[in-house]
Amino acid sequence: MTKQIVTMTVNGEKKEVLAEPRELLIYVLREKMGMTGPHVGCETSHCGACTVEIDGKSVKSCTMFAAQAQGAEIKTIEGLGSPENLHVLQESFKEHHGLQCGYCTPGMITRAHRLLIENPNPTEEDVRFGIAGNICRCTGYQNIVKSILSAAAELNAAKEAAQ
Amino acid sequence: MIPAAFEYHRPSDIEGALSVLAEHGDEARVLAGGHSLIPMMKLRMADVPHLIDLQDIADLKGITIADGIITIGAMTTQHELINHEALFAAAPIIREAALQIADPQVRYMGTIGGNVANGDPGNDMPGLMQCLDAQFILVGVDGTRKVPARDFYESAYMTNRDDEEILTHITFASIDAGYAYEKQKRKIGDYATAACAALVTKDGDKVATASIAMTNLSDVPVLSEAAAAALIGTTCDTAAVKAAVAAALEDIDPTEDNRGPVAFKMHVAGIIISRAIARAWSRA
Ligand SMILES: Cc1cc2nc3c(=O)[nH]c(=O)nc-3n(C[C@H](O)[C@H](O)[C@H](O)COP(=O)(O)OP(=O)(O)OC[C@H]3O[C@@H](n4cnc5c(N)ncnc54)[C@H](O)[C@@H]3O)c2cc1C
Ligand code: FES
Ligand code: FES
(Lines give C-alpha, C1' and ligand atoms only; values in the text may rest on other atoms or scores of the structure.)
(Ligands and ions follow the chains in the order given, each with its own letter.)
Protein backbone atom coordinates (compact mmCIF):
# COMPACT_ATOMS: atom_id res chain seq x y z
CA MET A 1 0.00 0.00 0.00
CA THR A 2 1.25 3.50 -0.64
CA LYS A 3 3.19 5.37 1.94
CA GLN A 4 1.72 8.46 3.41
CA ILE A 5 3.04 11.39 5.34
CA VAL A 6 2.39 11.11 9.05
CA THR A 7 2.85 14.16 11.21
CA MET A 8 3.24 14.02 14.97
CA THR A 9 4.85 15.97 17.74
CA VAL A 10 7.53 13.94 19.46
CA ASN A 11 9.06 15.32 22.64
CA GLY A 12 7.89 18.78 21.68
CA GLU A 13 9.30 18.67 18.17
CA LYS A 14 7.15 18.44 15.09
CA LYS A 15 8.08 15.39 13.00
CA GLU A 16 7.05 14.26 9.57
CA VAL A 17 7.69 10.77 8.28
CA LEU A 18 6.76 8.76 5.27
CA ALA A 19 5.24 5.49 6.40
CA GLU A 20 2.92 2.77 5.28
CA PRO A 21 -0.24 2.66 7.39
CA ARG A 22 0.64 -0.85 8.59
CA GLU A 23 3.96 0.20 10.11
CA LEU A 24 3.88 -0.05 13.87
CA LEU A 25 4.56 3.13 15.78
CA ILE A 26 7.47 1.59 17.70
CA TYR A 27 9.38 0.93 14.48
CA VAL A 28 8.63 4.35 13.09
CA LEU A 29 9.95 5.91 16.30
CA ARG A 30 13.04 3.71 16.43
CA GLU A 31 13.98 3.32 12.80
CA LYS A 32 12.66 6.45 11.15
CA MET A 33 13.12 8.96 13.95
CA GLY A 34 16.10 7.48 15.73
CA MET A 35 14.26 7.31 19.04
CA THR A 36 15.77 4.07 20.25
CA GLY A 37 14.78 4.65 23.87
CA PRO A 38 11.53 2.70 23.68
CA HIS A 39 12.44 -0.96 23.20
CA VAL A 40 10.84 -3.94 21.53
CA GLY A 41 10.54 -6.72 24.06
CA CYS A 42 7.71 -9.07 23.12
CA GLU A 43 6.09 -7.32 20.16
CA THR A 44 2.81 -8.89 21.35
CA SER A 45 1.39 -6.20 23.68
CA HIS A 46 2.51 -7.94 26.86
CA CYS A 47 5.81 -6.57 28.18
CA GLY A 48 5.51 -2.79 28.11
CA ALA A 49 9.12 -2.19 26.98
CA CYS A 50 7.74 -0.16 24.06
CA THR A 51 5.65 2.13 26.28
CA VAL A 52 5.45 5.76 25.19
CA GLU A 53 3.06 8.51 26.15
CA ILE A 54 0.50 9.54 23.56
CA ASP A 55 -1.88 12.43 24.27
CA GLY A 56 -1.65 11.78 27.99
CA LYS A 57 -1.98 8.00 27.80
CA SER A 58 0.63 5.31 28.41
CA VAL A 59 0.56 3.24 25.25
CA LYS A 60 2.35 0.12 24.06
CA SER A 61 3.66 1.48 20.78
CA CYS A 62 3.98 -2.03 19.30
CA THR A 63 0.18 -2.13 19.33
CA MET A 64 -0.49 1.04 17.43
CA PHE A 65 -0.13 1.81 13.76
CA ALA A 66 1.87 4.90 12.91
CA ALA A 67 -1.15 6.21 11.03
CA GLN A 68 -3.19 6.22 14.24
CA ALA A 69 -0.67 8.63 15.71
CA GLN A 70 -1.29 11.20 12.98
CA GLY A 71 -1.60 14.54 14.80
CA ALA A 72 -0.68 13.09 18.19
CA GLU A 73 1.53 14.49 20.91
CA ILE A 74 4.09 11.83 21.86
CA LYS A 75 6.58 11.64 24.67
CA THR A 76 9.34 9.05 24.84
CA ILE A 77 12.05 8.47 27.42
CA GLU A 78 14.26 10.80 25.33
CA GLY A 79 11.88 13.61 26.24
CA LEU A 80 12.09 13.08 29.99
CA GLY A 81 15.72 13.76 30.73
CA SER A 82 19.19 13.75 29.20
CA PRO A 83 22.46 12.14 30.36
CA GLU A 84 23.57 15.55 31.67
CA ASN A 85 20.24 16.36 33.21
CA LEU A 86 18.46 13.25 34.40
CA HIS A 87 14.78 13.33 35.28
CA VAL A 88 14.00 12.76 38.96
CA LEU A 89 12.72 9.28 38.09
CA GLN A 90 15.91 8.43 36.21
CA GLU A 91 18.01 9.68 39.09
CA SER A 92 15.92 7.67 41.50
CA PHE A 93 16.21 4.44 39.47
CA LYS A 94 19.98 4.95 39.46
CA GLU A 95 20.09 5.66 43.17
CA HIS A 96 17.87 2.75 44.26
CA HIS A 97 19.17 0.19 41.81
CA GLY A 98 15.85 0.15 39.95
CA LEU A 99 17.47 -1.48 36.95
CA GLN A 100 19.86 -4.26 36.12
CA CYS A 101 20.09 -4.98 32.38
CA GLY A 102 18.06 -1.85 31.68
CA TYR A 103 15.96 -3.31 28.90
CA CYS A 104 12.61 -2.63 30.57
CA THR A 105 13.72 0.70 32.04
CA PRO A 106 12.67 3.21 29.35
CA GLY A 107 9.16 1.77 29.24
CA MET A 108 9.05 1.46 33.01
CA ILE A 109 10.09 5.08 33.61
CA THR A 110 7.82 6.45 30.90
CA ARG A 111 4.92 4.59 32.50
CA ALA A 112 5.91 5.69 36.01
CA HIS A 113 6.06 9.28 34.80
CA ARG A 114 2.42 9.14 33.69
CA LEU A 115 1.41 7.31 36.85
CA LEU A 116 2.84 10.07 39.04
CA ILE A 117 1.08 12.76 37.02
CA GLU A 118 -2.26 11.03 37.62
CA ASN A 119 -1.51 10.01 41.18
CA PRO A 120 1.24 12.11 42.80
CA ASN A 121 0.88 10.32 46.15
CA PRO A 122 0.72 6.63 45.31
CA THR A 123 0.84 3.87 47.88
CA GLU A 124 3.13 0.91 47.26
CA GLU A 125 0.05 -0.99 46.07
CA ASP A 126 -0.89 1.82 43.65
CA VAL A 127 2.61 1.69 42.17
CA ARG A 128 2.54 -2.08 41.76
CA PHE A 129 -0.90 -1.95 40.14
CA GLY A 130 0.10 1.02 38.01
CA ILE A 131 3.18 -0.65 36.52
CA ALA A 132 1.50 -4.03 36.06
CA GLY A 133 1.73 -3.63 32.29
CA ASN A 134 5.53 -3.49 32.40
CA ILE A 135 7.52 -6.67 32.82
CA CYS A 136 11.03 -6.76 34.25
CA ARG A 137 13.07 -9.93 33.95
CA CYS A 138 15.83 -8.85 36.30
CA THR A 139 14.99 -6.85 39.37
CA GLY A 140 12.07 -8.64 41.00
CA TYR A 141 10.36 -5.22 40.97
CA GLN A 142 11.23 -4.41 44.60
CA ASN A 143 13.75 -1.73 43.70
CA ILE A 144 11.64 -0.40 40.85
CA VAL A 145 8.79 0.21 43.27
CA LYS A 146 11.21 1.79 45.73
CA SER A 147 12.59 4.06 42.98
CA ILE A 148 9.14 5.25 41.95
CA LEU A 149 7.99 5.90 45.53
CA SER A 150 11.16 7.81 46.27
CA ALA A 151 10.81 9.86 43.08
CA ALA A 152 7.21 10.67 44.05
CA ALA A 153 8.35 11.94 47.46
CA GLU A 154 11.08 14.00 45.87
CA LEU A 155 8.78 15.52 43.25
CA ASN A 156 6.27 16.41 45.97
CA ALA A 157 8.96 17.98 48.14
CA ALA A 158 10.14 20.06 45.19
CA LYS A 159 6.57 21.13 44.48
CA GLU A 160 6.09 22.16 48.09
CA ALA A 161 9.35 24.06 48.17
CA ALA A 162 8.31 25.96 45.05
CA GLN A 163 5.06 27.10 46.68
CA MET B 1 5.31 -9.14 13.09
CA ILE B 2 4.07 -7.00 10.26
CA PRO B 3 0.44 -7.20 9.26
CA ALA B 4 -0.67 -7.42 5.65
CA ALA B 5 -0.97 -4.09 3.90
CA PHE B 6 -4.20 -2.19 4.19
CA GLU B 7 -5.72 1.11 3.29
CA TYR B 8 -6.27 3.38 6.27
CA HIS B 9 -9.43 5.43 6.58
CA ARG B 10 -10.11 8.00 9.27
CA PRO B 11 -13.61 9.42 8.86
CA SER B 12 -14.77 12.24 11.09
CA ASP B 13 -18.38 11.14 11.40
CA ILE B 14 -20.52 8.02 11.53
CA GLU B 15 -21.87 8.52 8.00
CA GLY B 16 -18.31 8.57 6.67
CA ALA B 17 -17.50 5.31 8.43
CA LEU B 18 -20.70 3.65 7.22
CA SER B 19 -20.03 4.62 3.64
CA VAL B 20 -16.56 3.02 3.69
CA LEU B 21 -18.12 -0.11 5.23
CA ALA B 22 -20.84 -0.15 2.59
CA GLU B 23 -18.36 0.33 -0.22
CA HIS B 24 -15.94 -2.39 0.84
CA GLY B 25 -18.21 -4.90 2.58
CA ASP B 26 -16.34 -7.61 4.44
CA GLU B 27 -13.03 -6.24 3.13
CA ALA B 28 -13.44 -3.43 5.67
CA ARG B 29 -13.38 -3.38 9.45
CA VAL B 30 -13.54 -0.65 12.05
CA LEU B 31 -10.67 0.00 14.44
CA ALA B 32 -11.40 1.20 17.95
CA GLY B 33 -8.56 0.90 20.50
CA GLY B 34 -6.96 -1.80 18.38
CA HIS B 35 -5.93 -3.91 21.34
CA SER B 36 -7.77 -6.97 20.09
CA LEU B 37 -7.71 -6.29 16.36
CA ILE B 38 -4.08 -5.19 15.88
CA PRO B 39 -2.63 -8.29 17.60
CA MET B 40 -4.82 -10.42 15.31
CA MET B 41 -3.65 -8.46 12.26
CA LYS B 42 -0.01 -8.83 13.33
CA LEU B 43 -0.50 -12.58 13.58
CA ARG B 44 -2.23 -12.39 10.19
CA MET B 45 -5.24 -14.05 11.71
CA ALA B 46 -7.28 -11.06 10.62
CA ASP B 47 -6.93 -9.71 7.11
CA VAL B 48 -8.36 -6.22 6.81
CA PRO B 49 -7.77 -4.58 3.42
CA HIS B 50 -9.65 -1.47 4.58
CA LEU B 51 -9.19 -0.32 8.14
CA ILE B 52 -11.56 2.38 9.39
CA ASP B 53 -10.19 4.20 12.43
CA LEU B 54 -13.06 5.54 14.55
CA GLN B 55 -10.94 7.79 16.79
CA ASP B 56 -12.07 11.10 15.24
CA ILE B 57 -15.81 10.44 15.57
CA ALA B 58 -16.96 12.58 18.47
CA ASP B 59 -20.47 11.09 18.48
CA LEU B 60 -19.03 7.77 19.64
CA LYS B 61 -17.44 9.20 22.76
CA GLY B 62 -18.60 10.10 26.22
CA ILE B 63 -20.83 8.99 29.06
CA THR B 64 -24.23 10.48 29.87
CA ILE B 65 -26.48 9.66 32.79
CA ALA B 66 -30.06 10.96 32.72
CA ASP B 67 -33.26 9.76 34.40
CA GLY B 68 -31.55 6.64 35.67
CA ILE B 69 -30.36 5.59 32.23
CA ILE B 70 -26.66 5.36 31.49
CA THR B 71 -25.50 5.78 27.91
CA ILE B 72 -21.90 5.08 27.02
CA GLY B 73 -20.36 5.87 23.65
CA ALA B 74 -18.66 2.90 22.00
CA MET B 75 -15.28 4.68 21.84
CA THR B 76 -15.14 5.31 25.59
CA THR B 77 -11.99 3.68 26.91
CA GLN B 78 -11.73 1.40 29.91
CA HIS B 79 -9.51 4.05 31.52
CA GLU B 80 -12.31 6.60 31.10
CA LEU B 81 -14.89 4.19 32.52
CA ILE B 82 -12.74 3.69 35.61
CA ASN B 83 -12.18 7.38 36.24
CA HIS B 84 -15.73 8.65 35.66
CA GLU B 85 -17.10 9.49 39.12
CA ALA B 86 -20.76 9.86 38.11
CA LEU B 87 -20.62 6.48 36.38
CA PHE B 88 -19.08 4.98 39.50
CA ALA B 89 -21.92 6.40 41.58
CA ALA B 90 -24.58 5.08 39.20
CA ALA B 91 -23.02 1.69 38.35
CA PRO B 92 -19.97 0.88 40.48
CA ILE B 93 -19.69 -2.62 39.00
CA ILE B 94 -18.31 -1.09 35.78
CA ARG B 95 -15.21 0.22 37.55
CA GLU B 96 -14.82 -2.99 39.50
CA ALA B 97 -14.86 -5.04 36.29
CA ALA B 98 -12.82 -2.63 34.15
CA LEU B 99 -10.00 -2.60 36.71
CA GLN B 100 -9.68 -6.35 36.21
CA ILE B 101 -9.19 -6.05 32.46
CA ALA B 102 -5.65 -6.36 31.18
CA ASP B 103 -3.15 -3.74 32.41
CA PRO B 104 -2.99 0.08 32.54
CA GLN B 105 -1.65 0.53 29.01
CA VAL B 106 -4.35 -1.68 27.50
CA ARG B 107 -7.05 0.11 29.50
CA TYR B 108 -5.96 3.53 28.12
CA MET B 109 -6.66 2.25 24.60
CA GLY B 110 -9.24 -0.53 24.84
CA THR B 111 -12.82 0.67 24.39
CA ILE B 112 -16.09 -0.63 25.70
CA GLY B 113 -17.44 -0.82 22.14
CA GLY B 114 -14.50 -2.89 20.93
CA ASN B 115 -14.74 -5.09 23.98
CA VAL B 116 -18.39 -5.97 23.44
CA ALA B 117 -18.32 -6.05 19.61
CA ASN B 118 -15.23 -8.24 19.41
CA GLY B 119 -17.07 -11.47 20.29
CA ASP B 120 -14.06 -13.04 22.00
CA PRO B 121 -15.41 -15.23 24.83
CA GLY B 122 -12.49 -13.96 26.94
CA ASN B 123 -13.67 -10.36 26.91
CA ASP B 124 -15.07 -9.28 30.27
CA MET B 125 -17.62 -6.65 29.25
CA PRO B 126 -20.07 -8.92 27.37
CA GLY B 127 -20.92 -11.03 30.43
CA LEU B 128 -21.20 -7.90 32.53
CA MET B 129 -23.51 -6.31 29.94
CA GLN B 130 -25.72 -9.40 30.02
CA CYS B 131 -25.84 -9.21 33.80
CA LEU B 132 -26.94 -5.55 33.54
CA ASP B 133 -29.42 -6.35 30.75
CA ALA B 134 -27.75 -3.66 28.60
CA GLN B 135 -28.86 -2.72 25.10
CA PHE B 136 -26.44 -2.28 22.21
CA ILE B 137 -27.28 0.42 19.69
CA LEU B 138 -26.23 -0.41 16.15
CA VAL B 139 -26.29 1.90 13.18
CA GLY B 140 -26.25 0.83 9.56
CA VAL B 141 -27.19 2.37 6.26
CA ASP B 142 -30.76 1.20 6.87
CA GLY B 143 -31.03 2.96 10.22
CA THR B 144 -30.64 2.28 13.89
CA ARG B 145 -31.60 -0.76 15.91
CA LYS B 146 -31.30 -1.86 19.50
CA VAL B 147 -30.18 -5.35 20.43
CA PRO B 148 -30.19 -6.67 24.00
CA ALA B 149 -26.75 -7.86 25.11
CA ARG B 150 -28.51 -11.07 26.09
CA ASP B 151 -29.38 -11.77 22.41
CA PHE B 152 -26.19 -10.42 20.81
CA TYR B 153 -23.71 -13.31 21.05
CA GLU B 154 -24.05 -16.28 18.70
CA SER B 155 -20.74 -18.14 18.96
CA ALA B 156 -17.07 -17.21 19.35
CA TYR B 157 -16.45 -14.07 17.25
CA MET B 158 -19.97 -14.33 15.78
CA THR B 159 -22.44 -11.72 16.92
CA ASN B 160 -25.79 -10.37 15.85
CA ARG B 161 -24.06 -7.28 14.40
CA ASP B 162 -24.16 -7.05 10.64
CA ASP B 163 -20.74 -6.56 8.99
CA GLU B 164 -21.86 -3.18 7.74
CA GLU B 165 -23.13 -1.91 11.07
CA ILE B 166 -21.32 0.11 13.72
CA LEU B 167 -22.02 -0.18 17.40
CA THR B 168 -22.48 3.40 18.56
CA HIS B 169 -23.71 3.24 22.15
CA ILE B 170 -24.48 0.97 25.04
CA THR B 171 -27.29 1.77 27.47
CA PHE B 172 -28.45 0.27 30.73
CA ALA B 173 -30.27 1.35 33.85
CA SER B 174 -28.32 2.63 36.83
CA ILE B 175 -27.85 0.05 39.54
CA ASP B 176 -29.54 -0.09 42.89
CA ALA B 177 -28.33 -3.52 43.95
CA GLY B 178 -25.49 -5.35 45.61
CA TYR B 179 -22.90 -6.01 42.94
CA ALA B 180 -19.68 -7.90 42.30
CA TYR B 181 -17.41 -8.78 39.42
CA GLU B 182 -15.12 -11.66 40.37
CA LYS B 183 -12.40 -12.91 38.07
CA GLN B 184 -9.75 -15.57 38.33
CA LYS B 185 -6.80 -15.08 36.01
CA ARG B 186 -3.33 -16.59 35.94
CA LYS B 187 -1.64 -13.20 35.98
CA ILE B 188 -2.28 -9.54 35.25
CA GLY B 189 -2.91 -9.14 31.53
CA ASP B 190 -4.44 -12.58 31.17
CA TYR B 191 -8.00 -13.32 30.20
CA ALA B 192 -10.27 -15.00 32.74
CA THR B 193 -9.99 -18.65 33.66
CA ALA B 194 -13.44 -17.92 35.03
CA ALA B 195 -15.29 -14.71 35.80
CA CYS B 196 -18.73 -13.87 37.10
CA ALA B 197 -20.87 -10.74 37.34
CA ALA B 198 -23.56 -10.70 40.00
CA LEU B 199 -26.31 -8.27 41.00
CA VAL B 200 -28.53 -9.02 43.98
CA THR B 201 -31.30 -6.94 45.58
CA LYS B 202 -32.77 -7.43 49.02
CA ASP B 203 -36.32 -7.34 50.36
CA GLY B 204 -36.18 -7.61 54.14
CA ASP B 205 -33.70 -10.43 54.69
CA LYS B 206 -34.55 -12.21 51.45
CA VAL B 207 -33.19 -12.02 47.93
CA ALA B 208 -35.68 -10.05 45.83
CA THR B 209 -33.94 -10.16 42.43
CA ALA B 210 -30.71 -11.60 41.14
CA SER B 211 -28.75 -11.55 37.91
CA ILE B 212 -25.76 -13.84 37.33
CA ALA B 213 -23.62 -13.92 34.18
CA MET B 214 -20.32 -15.62 33.40
CA THR B 215 -17.27 -14.92 31.24
CA ASN B 216 -15.01 -17.30 29.30
CA LEU B 217 -16.80 -20.44 30.41
CA SER B 218 -18.50 -21.12 27.05
CA ASP B 219 -17.95 -19.83 23.54
CA VAL B 220 -20.32 -16.96 24.44
CA PRO B 221 -21.05 -15.13 27.68
CA VAL B 222 -23.66 -16.98 29.72
CA LEU B 223 -26.52 -15.50 31.73
CA SER B 224 -27.82 -18.11 34.13
CA GLU B 225 -31.49 -17.55 34.85
CA ALA B 226 -31.55 -20.80 36.81
CA ALA B 227 -28.84 -19.52 39.14
CA ALA B 228 -30.85 -16.34 39.77
CA ALA B 229 -34.01 -18.36 40.37
CA ALA B 230 -32.17 -20.50 42.94
CA LEU B 231 -31.38 -17.37 44.96
CA ILE B 232 -34.66 -15.46 44.80
CA GLY B 233 -36.74 -15.77 47.98
CA THR B 234 -33.88 -17.28 50.00
CA THR B 235 -31.77 -15.57 52.65
CA CYS B 236 -28.76 -16.21 50.42
CA ASP B 237 -27.60 -18.82 52.93
CA THR B 238 -24.98 -21.45 52.16
CA ALA B 239 -27.50 -23.92 50.79
CA ALA B 240 -29.00 -21.33 48.43
CA VAL B 241 -25.60 -20.23 47.13
CA LYS B 242 -24.67 -23.87 46.62
CA ALA B 243 -27.85 -24.46 44.63
CA ALA B 244 -27.23 -21.34 42.55
CA VAL B 245 -23.67 -22.42 41.79
CA ALA B 246 -24.86 -25.89 40.79
CA ALA B 247 -27.47 -24.31 38.49
CA ALA B 248 -24.90 -21.94 36.95
CA LEU B 249 -22.47 -24.78 36.29
CA GLU B 250 -25.23 -26.61 34.40
CA ASP B 251 -25.44 -23.65 32.02
CA ILE B 252 -21.77 -23.44 31.01
CA ASP B 253 -19.66 -25.51 28.67
CA PRO B 254 -15.96 -24.67 29.12
CA THR B 255 -13.33 -26.21 26.89
CA GLU B 256 -9.83 -27.36 27.76
CA ASP B 257 -7.06 -24.91 26.83
CA ASN B 258 -3.83 -23.54 28.26
CA ARG B 259 -5.78 -22.33 31.31
CA GLY B 260 -6.60 -25.88 32.27
CA PRO B 261 -8.79 -28.93 31.71
CA VAL B 262 -12.57 -28.79 31.90
CA ALA B 263 -12.76 -30.21 35.44
CA PHE B 264 -10.41 -27.49 36.70
CA LYS B 265 -12.42 -24.75 35.01
CA MET B 266 -15.65 -26.07 36.52
CA HIS B 267 -13.97 -26.05 39.92
CA VAL B 268 -12.67 -22.49 39.52
CA ALA B 269 -16.02 -21.34 38.12
CA GLY B 270 -17.80 -22.72 41.18
CA ILE B 271 -15.57 -20.77 43.53
CA ILE B 272 -15.77 -17.55 41.51
CA ILE B 273 -19.56 -17.70 41.18
CA SER B 274 -20.06 -18.29 44.89
CA ARG B 275 -17.67 -15.44 45.75
CA ALA B 276 -19.47 -13.10 43.37
CA ILE B 277 -22.85 -13.95 44.89
CA ALA B 278 -21.56 -13.60 48.46
CA ARG B 279 -19.95 -10.24 47.79
CA ALA B 280 -22.97 -8.90 45.89
CA TRP B 281 -25.21 -10.01 48.79
CA SER B 282 -22.95 -8.37 51.34
CA ARG B 283 -23.40 -5.09 49.44
CA ALA B 284 -27.15 -5.48 48.85
C1 LIG C 1 -2.27 -7.90 26.85
C2 LIG C 1 -3.75 -7.78 26.70
C3 LIG C 1 -4.57 -8.28 27.69
C4 LIG C 1 -5.96 -8.18 27.58
N5 LIG C 1 -6.74 -8.67 28.60
C6 LIG C 1 -8.08 -8.52 28.53
C7 LIG C 1 -8.93 -8.98 29.57
O8 LIG C 1 -8.48 -9.51 30.58
N9 LIG C 1 -10.27 -8.80 29.43
C10 LIG C 1 -10.81 -8.20 28.35
O11 LIG C 1 -12.02 -8.04 28.29
N12 LIG C 1 -10.04 -7.77 27.34
C13 LIG C 1 -8.70 -7.91 27.41
N14 LIG C 1 -7.92 -7.45 26.38
C15 LIG C 1 -8.58 -6.87 25.22
C16 LIG C 1 -8.77 -5.39 25.35
O17 LIG C 1 -9.64 -5.07 26.41
C18 LIG C 1 -9.29 -4.85 24.01
O19 LIG C 1 -8.93 -3.55 23.98
C20 LIG C 1 -10.77 -5.00 23.78
O21 LIG C 1 -11.17 -6.33 23.76
C22 LIG C 1 -11.18 -4.50 22.41
O23 LIG C 1 -11.32 -3.17 22.45
P24 LIG C 1 -10.58 -2.26 21.38
O25 LIG C 1 -11.16 -0.93 21.55
O26 LIG C 1 -9.13 -2.40 21.54
O27 LIG C 1 -11.14 -2.89 20.01
P28 LIG C 1 -10.42 -3.22 18.64
O29 LIG C 1 -9.30 -4.14 18.84
O30 LIG C 1 -10.16 -1.98 17.88
O31 LIG C 1 -11.63 -3.98 17.93
C32 LIG C 1 -12.04 -5.28 18.31
C33 LIG C 1 -13.11 -5.78 17.34
O34 LIG C 1 -14.32 -5.08 17.51
C35 LIG C 1 -14.71 -4.41 16.33
N36 LIG C 1 -15.20 -3.10 16.77
C37 LIG C 1 -14.57 -2.23 17.57
N38 LIG C 1 -15.36 -1.15 17.81
C39 LIG C 1 -16.49 -1.35 17.13
C40 LIG C 1 -17.69 -0.60 16.95
N41 LIG C 1 -17.87 0.59 17.57
N42 LIG C 1 -18.66 -1.10 16.17
C43 LIG C 1 -18.50 -2.31 15.56
N44 LIG C 1 -17.41 -3.06 15.67
C45 LIG C 1 -16.41 -2.60 16.45
C46 LIG C 1 -13.45 -4.31 15.48
O47 LIG C 1 -13.75 -4.24 14.12
C48 LIG C 1 -12.74 -5.59 15.87
O49 LIG C 1 -13.25 -6.67 15.14
C50 LIG C 1 -6.53 -7.55 26.45
C51 LIG C 1 -5.72 -7.05 25.45
C52 LIG C 1 -4.33 -7.15 25.55
C53 LIG C 1 -3.48 -6.62 24.45
S1 FES D 1 7.14 -4.78 22.80
FE2 FES D 1 5.25 -3.75 23.00
S3 FES D 1 4.43 -4.65 24.76
FE4 FES D 1 6.23 -5.81 24.48
S1 FES E 1 16.27 -4.46 34.36
FE2 FES E 1 16.43 -6.15 33.03
S3 FES E 1 14.40 -6.36 32.35
FE4 FES E 1 14.19 -4.91 33.88
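A note on names: the letters A, B, ... follow the listed sequences, proteins ahead of strands, and every chain is numbered from 1.
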| task | Assess A:Arg22 against A:Phe65: is NZ or CZ under 6.0 Å from the centre of the six-membered ring, and within 45 degrees of the ring's axis? | result | no
Of B:Gln55, B:Lys42, B:His79, the largest count of non-hydrogen pairs under 4.5 angstrom with chain A goes to B:Lys42
Heavy-atom nearest pair, B:Thr215 first then B:Tyr181, reads OG1-OH, 3.0 Å
Applying a strict 4.5 Å limit to non-hydrogen atoms, the region of A:Thr44 in contact with chain B is both
Bottom line for B:Leu43: the part with an atom under 4.5 Å from chain A's heavy atoms is neither
Honestly, the part of B:Leu99 sitting under 4.5 Å from a heavy atom of chain A is both
Contact list (residues 100-115 of chain B to chain A, heavy-atom gap under 4.5 Å, by number) returns B:Asp103, B:Pro104, B:Gln105, B:Val106, B:Arg107, B:Tyr108, B:Met109
Notebook entry, point to check: For residues B:Tyr8 and A:Glu20, is any side-chain donor paired with an opposing acceptor at under 3.5 Å?
Noted result: no
Note to self: One thing to verify: whether B:Arg283 and B:Glu96 come together as a salt bridge, which I'm taking to mean a side-chain N less than 4.0 angstrom from a carboxylate O.
What the structure shows: yes
Exercise. Where does the angle between the aromatic ring planes of A:His87 and A:His113 fall among parallel (under 30°), tilted (30 to 60°) and perpendicular (over 60°)?
Worked result: perpendicular
For A:Arg114 and A:Glu53: C-alpha separation, side-chain torsions, deciding distance, then whether salt bridge (charged side-chain N to carboxylate O under 4.0 Å, His left out) applies. CA-CA 8 Å; A:Arg114 184 74 220 157; A:Glu53 191 172 309; 3.2 Å; yes
Do B:Arg29 and B:Asp163 meet the salt-bridge criterion of a basic N to acidic O distance under 4.0 Å?
-> no
Per-residue tally against chain B (heavy atom, under 4.5 Å) across A:Gln68, A:Glu43, A:Gln70 peaks at A:Gln68
Salt bridge (charged side-chain N to carboxylate O under 4.0 Å, His left out) pairs touching residues 25-34 of chain A, sequence neighbours excluded, are A:Glu23-A:Lys32
Whatever's closer than 4.5 Å to a heavy atom in chain B on A:Phe129 counts as both
Q. Going by an N to O cut-off under 4.0 Å, is there a salt bridge joining A:Lys15 and A:Glu13?
A. yes
